[in-house]
Amino acid sequence: MTDMESLQKMEDCLLQMKIQKPDEEAVKTVRVTDFGAKADQETDNAPAFAEALKYCRAHGIGKMIIPKGTYHFRSCPGDAHLALDGMDNFVLEGEESELLFEMLESYLSVRNSKNILVKNLILDWNWEKAPLASVGVVTKVASDGSFFECCFPEYEDVEADMKFSIVGPFHRTRYTPGCRGGIEFRPYRNEHVKKTGDADTDRKMQALVRELSDILKPHQEKVGKGTLRFYTVNPEFTRKHFHRGDCFRFRHFEYTIVTIPILDSTDVTMENITLYSSPGNGFVGNGDVSGLHIKDCRVTVRPGTARSISTVTDCLHICNSQGKFIIENCEFGYAGDDCINIHDNSSMGIVPVDSHSLLAKGVRKEVVLYEQEYQVELRNPDLSPTGFASRLTSVTYYEEDETCLLTFEDELPPGLSPDTVLWNRRFETHNYIIRRCRFVNNRARGVLLQGSNGLLEDNVFENIQGAAIQIETGCESRWSEGHGVKNLILRGNVIRHCDLNAWQMAVLYMGVYLPDGRTKESVFDNILIEKNTFIDCPRQAMFLSSCRNVLVRDNVIINAGQISLEENCYGSSTMEAPIYGEKYHGIIQFEKAVNCTEERNKILSTLLD
């Protein structure tokens, strides 16, 4: 049974969270224009901004003002155009200024800092320098399936050698990501499954990842002023899946930069920041980040343009942190990946070395952050506890092999599986509030929640290609995220017209991704889902698995179950049969669930049979 007392205590604690701000009044102030910055078309403002921030550090300046205007940055003095690193009690006041970037480096960084406030800024990428994505419409498919042609209506002309990394479905009428029956693919062969040397493990991982690739030959040509011809690998596939009038978004960048890295910092507030576009992730919190407030911010496409993308990956990504964050009154949309992703990282796969040491496989230092003195817990391949957790006494990374030699203070237990999962307990991305936000017109998920002690309340989700809300933990060859979720409240949210491509069977999805399938281990525990409204669900409203003590009550579900639950459109490519060979039933489904309750939910339809 759901522990309501525990949830009430958690909510009370969350509502008392305070993110400290610097004192704006009793500080020395400078204006960036005093250092040569100019709001014109010609000036490269990178040197002036760098000099102004250097002066602030040297002289204890507590506030820097950017007089309203549009400032161009055509160079970058380091790895961030505006580095608010190593600063304490500092305010960056934008006065609604626009900063326009064209170098592949972070726009603004906050690293090893404390009590930082950044407010009233508009940040954007220079699309005239390099567009981030382009929308193409199929105008012709060869009768023999050897090629298809696309026009690109937003351009008068198009480059013959246009580069792109991923192509996804785009609604040709709404001009937004996702459409029923649309396919998503990587154009060329993508070795997304990293080989382990074990045939059975590799086979399972291939079945799990299910990413569609190797569709196009590495040859294309211009056949008209705004039209490209793409030669395809499989003629039969081409004839079956490409049709005149199909609309796609071609992404030219992917994980190229971290736009606003917030690393190893305490009490950071981003207020009234508009991010119109970036060739990478948007806001990213990582490391010893504690106390993050994202307030009145927007990540969306610029009005008055035909742009199809904002950030080419996540709008907001928080991982391997110390938690304590509030996201409120914001709008997120048009991203190339999730609006919000919250998680800690893990790794799967080991080779025992001696009584105290093992080689962790599939490990990159910047992802897992294993370090000496950190506590690491070992889990079985189904995420059940092994009962072992110990302090690391030695850590050695082997970057070429993506492995890491870990030595523990305590003796390792016998009989560990080669697919043992490692959770870095040094980090805990928990204690968060997401409220009164809008998540609209987005690829992937609205929110991907993989951290404990959370409140998701009074938000609106609309026109999301994947699930509106996804609660998840798992391991596969591209990424391993989450340590389970305990204590979560989802209340008062409106979810309308989401899961357009039936990525996860339901607009609210809770589950694991593991090579051996769903686990009986209850990695999701003590969760309340109440007083939400679900409208226009292609399939299920909720799929809740590997969980216990979940209470679903007083929700309203309107017009769900419009597509057969047996139809083959599982996953982001919308072409596969259901994962793990599962069978689905009903509008709310519990699977491998213990002590879960559904009560007083209203399900209705205005659709005639």
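The first residue in the sequence is number 1, and the count goes up from there.
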- Going by distance alone, is a donor N or O of one side chain under 3.5 Å from an acceptor N or O of the other, for S213 and Y188? no
For G94, is there any backbone N or O sitting under 3.5 Å from a side-chain donor or acceptor partner on S97?
yes
For P279 and W125, the nearest pair of non-hydrogen atoms, with its separation, is CD-CE3, 3.8 Å
D264 meets the salt bridge (charged side-chain N to carboxylate O under 4.0 Å, His left out) criterion, sequence neighbours left out, with none
By side chain to side chain donor-acceptor pair (under 3.5 Å), N45 pairs with (sequence neighbours left out) none
Do the charged groups of R364 and E399 touch, with an N to O distance under 4.0 Å? no
Would you kindly say whether H293 and E328 are connected by a side-chain donor-acceptor distance under 3.5 Å?
-> yes
E221 side chain to Y231 side chain, donor-acceptor N/O pair below 3.5 angstrom | yes
Query raised in the report: Side-chain contact, heavy-atom cut-off 4.5 Å: Y398 with L359?
Result: yes
Under 3.5 Å, is there a donor-acceptor pair between the side chain of N442 and the main chain of A335?
yes
Exercise. Is there a donor-acceptor contact under 3.5 Å from the side chain of R438 to the main chain of N459?
Worked result: no
Verdict with reasoning, L84 to F90, per side-chain contact (heavy atoms from CB on, under 4.5 Å):
CA-CA 8 Å; L84 277 61; F90 184 77; 4.0 Å; yes
Note to self: With a 6.0 Å cut-off on the ring centroids, do Y55 and F35 count as close?
What the structure shows: yes
Take I433 and I327 through the side-chain contact (heavy atoms from CB on, under 4.5 Å) test and state the conclusion after the steps. CA-CA 6 Å; I433 298 173; I327 305 163; over 6 Å; no
Discussion item. Check for me whether the distance between the ring centres of F332 and F461 falls short of 6.0 Å.
Written reply: no
field: SB check K365 E402 (cutoff 4.0 Å)
entry: no
Any side-chain donor paired with an acceptor under 3.5 Å for Q322 and D288?
yes
- prompt: Parallel, tilted or perpendicular: which fits the ring planes of Y107 and F101, with parallel below 30° and perpendicular above 60°?
  reply: parallel
Worksheet item: Do you see a donor-acceptor pair shorter than 3.5 Å between the side chains of D337 and Y255?
Response: yes
Discussion item. Could you walk me through whether N341 and Q450 satisfy the side-chain hydrogen bond (donor to acceptor under 3.5 Å, both in side chains) test, starting with their C-alpha distance in whole Å, then the side-chain angles of each, then the deciding distance to 0.1 Å, before giving a yes or no?
Written reply: CA-CA 8 Å; N341 187 353; Q450 303 177 92; 3.1 Å; yes
- Item | Salt-bridge contact R426-E371 (side-chain N to carboxylate O under 4.0 Å) | no
Short question: side chain of D246, backbone of V138 - any donor-acceptor pair under 3.5 Å? no
Item to complete: Answer yes when K222 and E149 have at least one side-chain N-carboxylate O distance shorter than 4.0 Å, and no when they do not.
Response: no
Query raised in the report: Any chance NZ of K38 has more than 12 other-residue heavy atoms, nucleotides or ligands included, within less than 6.0 Å?
Result: no
Worksheet item: Does the gap between the ring centers of Y370 and Y397 come in under 6.0 Å?
Response: no
Any sub-3.5 Å donor-acceptor pair from T311's side-chain atoms to T313's backbone N or O? yes
- Task: Could you tell me whether H343 and H317 have their ring centroids closer than 6.0 angstrom?
- Result: yes
Would E93 and N120 count as having a side-chain donor-acceptor pair, cut-off 3.5 Å? yes
>> Would the distance check show the side chain of H171 and the main-chain N or O of T173 forming a donor-acceptor pair, the cut-off being under 3.5 Å?
In response: yes
Applying salt bridge (charged side-chain N to carboxylate O under 4.0 Å, His left out) to E373 and not counting sequence neighbours gives R391
- Do N115 and N89 have a side chain donor and acceptor closer than 3.5 Å? yes
*Ignoring hydrogens and geometry, is there a side-chain-to-backbone donor-acceptor pair from D338 to A444 under 3.5 Å?*
no
Applying salt bridge (charged side-chain N to carboxylate O under 4.0 Å, His left out) to E428 and not counting sequence neighbours gives none
E400 meets the side chain to side chain donor-acceptor pair (under 3.5 Å) criterion, sequence neighbours left out, with none
Would you say that more than 12 heavy atoms from the other residues, nucleotides or ligands in this model lie under 6.0 Å from the CD of Q375, or not? yes
Can you tell if the side chain of L100 reaches within under 4.5 Å of the side chain of E128, non-hydrogen atoms only?
no
Which label fits F248 and F242: parallel for a plane angle under 30°, tilted from 30 to 60°, or perpendicular past 60°?
tilted
Without swapping roles, check the side chain of S113 against the backbone of M87 for a donor-acceptor pair under 3.5 Å. yes
Exercise. Is the charged tip of R249 near the ring of F170: under 6.0 Å from the six-membered ring centre and within 45° of its axis?
Worked result: no
Requested in this report: Report the C-alpha separation of H252 and S134 in whole Å, then their side-chain angles, then the decisive distance to 0.1 Å, and conclude whether the side-chain hydrogen bond (donor to acceptor under 3.5 Å, both in side chains) test is met.
Outcome: CA-CA 8 Å; H252 308 310; S134 303; 2.7 Å; yes
Any side-chain donor near an acceptor of the partner, E96 and N272, under 3.5 Å
yes
| said: So L132 and W127, do their side chains get closer than 4.5 Å, heavy atoms only? | reply: yes
inquiry  = Please tell me whether Y334 and S277 have a donor and an acceptor in their side chains that are separated by less than 3.5 angstrom.
reply    = no
(Q) Is it the case that the side chain of S321 and the backbone of C319 share a donor-acceptor pair, with hydrogens and angles ignored and the cut-off at 3.5 Å? (A) no
In short, salt bridge (charged side-chain N to carboxylate O under 4.0 Å, His left out) pairs touching residues 55-70 with sequence neighbours left out are E24-K63
Do R298 and T300 have side-chain atoms, one donor and one acceptor, less than 3.5 Å apart? no
(Q) Show, in sequence, the C-alpha distance, side-chain angles and deciding distance for T43 and Y71, and conclude whether the side-chain hydrogen bond (donor to acceptor under 3.5 Å, both in side chains) test is met. (A) CA-CA 8 Å; T43 303; Y71 298 82; over 6 Å; no
- prompt: Do other residues, nucleotides or ligands put more than 12 heavy atoms under 6.0 Å from E156 CD?
  reply: no
I'd like to know if the side chain of R435 reaches the main chain of L456, judged simply by a donor and an acceptor atom lying under 3.5 Å from each other, with no hydrogens or angles considered. no
> Should D88 and K114 count as an ion pair when the cut-off is N to O under 4.0 Å?
Replying inline: no
Here the pair of heavy atoms bringing C76 nearest to M103 is N-CG, 4.3 Å
message = Is there a side-chain hydrogen bond (donor to acceptor under 3.5 Å, both in side chains) between N112 and D85? Walk through the geometry before answering.
response = CA-CA 6 Å; N112 298 295; D85 304 340; over 6 Å; no
* Is the F250 ring parallel, tilted or perpendicular to the F164 ring (thresholds 30°, 60°)? -> perpendicular
